Every structure is written in structure tokens, then in C-alpha cells.
Amino acid sequence: MLADYGDVVPRRELEMLEASCKNLETELEVVKNDRTALMGEHNVLQALYKQVVNERDKLSQEMNQLKRSATPRPQWDRCAQYIDGGQDKWNELSNGKSSDQVVDVLLAEIAGVSIDELIKSDVFDGKASLLNPKLNPGLVFDFQQVGCWA
């Protein structure tokens, strides 16, 4: 029986490789345990994040609702009696507009100009309202009589 030592690994090398393998297996177990712990923490954080997002969305929706209901809104329909064309014309002009836009519509109707002309000008000339006989005379003020502006 002849021994062929060409395929044999030296004992010292084998022991070093076995020790290295054992160290790597230990490190692998530590890494697996760390990964499992991190995955658990990650899942908890994801669930917490979802709760926070849901709570934020609910609070945002509630804030918008409170902002809308807490801010007093004018009764714009009362303006219809002062607009030529009555309630139908007023509904046509003001329907679907914000309060700021409704103010522009109202000023334009009172002044007797188009909304575009009103928006272009920086000053609202209240004297144009003298032409509208439906307005309360107490609302009309002529600054030139008082001498405020020449």
C-alpha cells in the first residue's frame, strides 16, 4: 500500500482552518441574532410610524375643519338685495368663490366696473357707489367735502 501524500492537507493548516471556521460560525450567529433584533425593532418603528402618520392626518383634518368653522363667515346672501339682478345674479357671480374673491365681485358690482378692472387698480373709488340708488346713503362718503383729499 502506497500512500499518496499529494492530496493531504497538513495538520497545522487543518487546525487553523477549523478554528477560523468556528470563529466565523460564531460571528455568523452573532450577526444573525443582531439582524433578528434589528428587524424586530424595525417592525416596531414602522408600526409606530404608521400610527404617528394616521394621528397627524386626523389632527390635520380636524385642524382644517376647526379653522373653517372657527373663522366667522359673512352671510354673503345678504348682498343679493343690493345687486342688480337680485338673488339669481348674485348666486351666479359668487357661487364657488372664496371670501376674498366674493369681496372683489361685490366691490366690482358696487363700483359698476368689471372684476378685471377692479383687480388692476390698487384703489377702490367709493364715489362710484353714488350711482347705485339701492345703497344705503349712510355708506356713501365724499372725502372732498370734508377736505381730506383735494
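Computed from a prediction, not measured in an experiment: that's the story for all the values here.
To the nearest 0.5 angstrom, Leu59 atom CG is 11.0 Å from Asn64 atom CG. In this structure, the separation between CH2 on Trp90 and CG on Leu106 is 4.5 Å, given to the nearest 0.5 Å. Note: Leu93 CG to Lys89 NZ = 5.0 Å, rounded to the nearest 0.5 Å. Rounding to the nearest 0.5 Å gives a distance of 12.5 Å between OG of Ser94 and CG of Asp104. Expressed to the nearest 0.5 Å, how far CD of Glu55 lies from CG of Asp57 amounts to 10.5 Å. Note that CD of Glu92 and CD of Gln87 are 12.0 Å apart. Values are rounded to the nearest 0.5 Å.
Listed for the Ser60 side chain is no donor-acceptor partner under 3.5 Å among the backbone atoms of Arg56. Of the possible polar contacts, none joining the Ser20 side chain to the Met16 backbone as a donor-acceptor pair under 3.5 Å is found. Asn43 contributes a side-chain N or O that, together with a main-chain N or O of Met39, makes up a donor-acceptor pair within less than 3.5 Å.
Atom CD of Gln65 sits in a sparse spot, with 12 or fewer heavy atoms from other residues, nucleotides or ligands closer than 6.0 Å.
Looking only at atom types and distance, the side chain of Glu29 has no donor-acceptor partner in the side chain of Asn33 under 3.5 Å away.
Residues Lys22 and Glu18 are not paired through a salt bridge, judged by the lack of any N-O separation under 4.0 Å between the basic side chain and the carboxylate.
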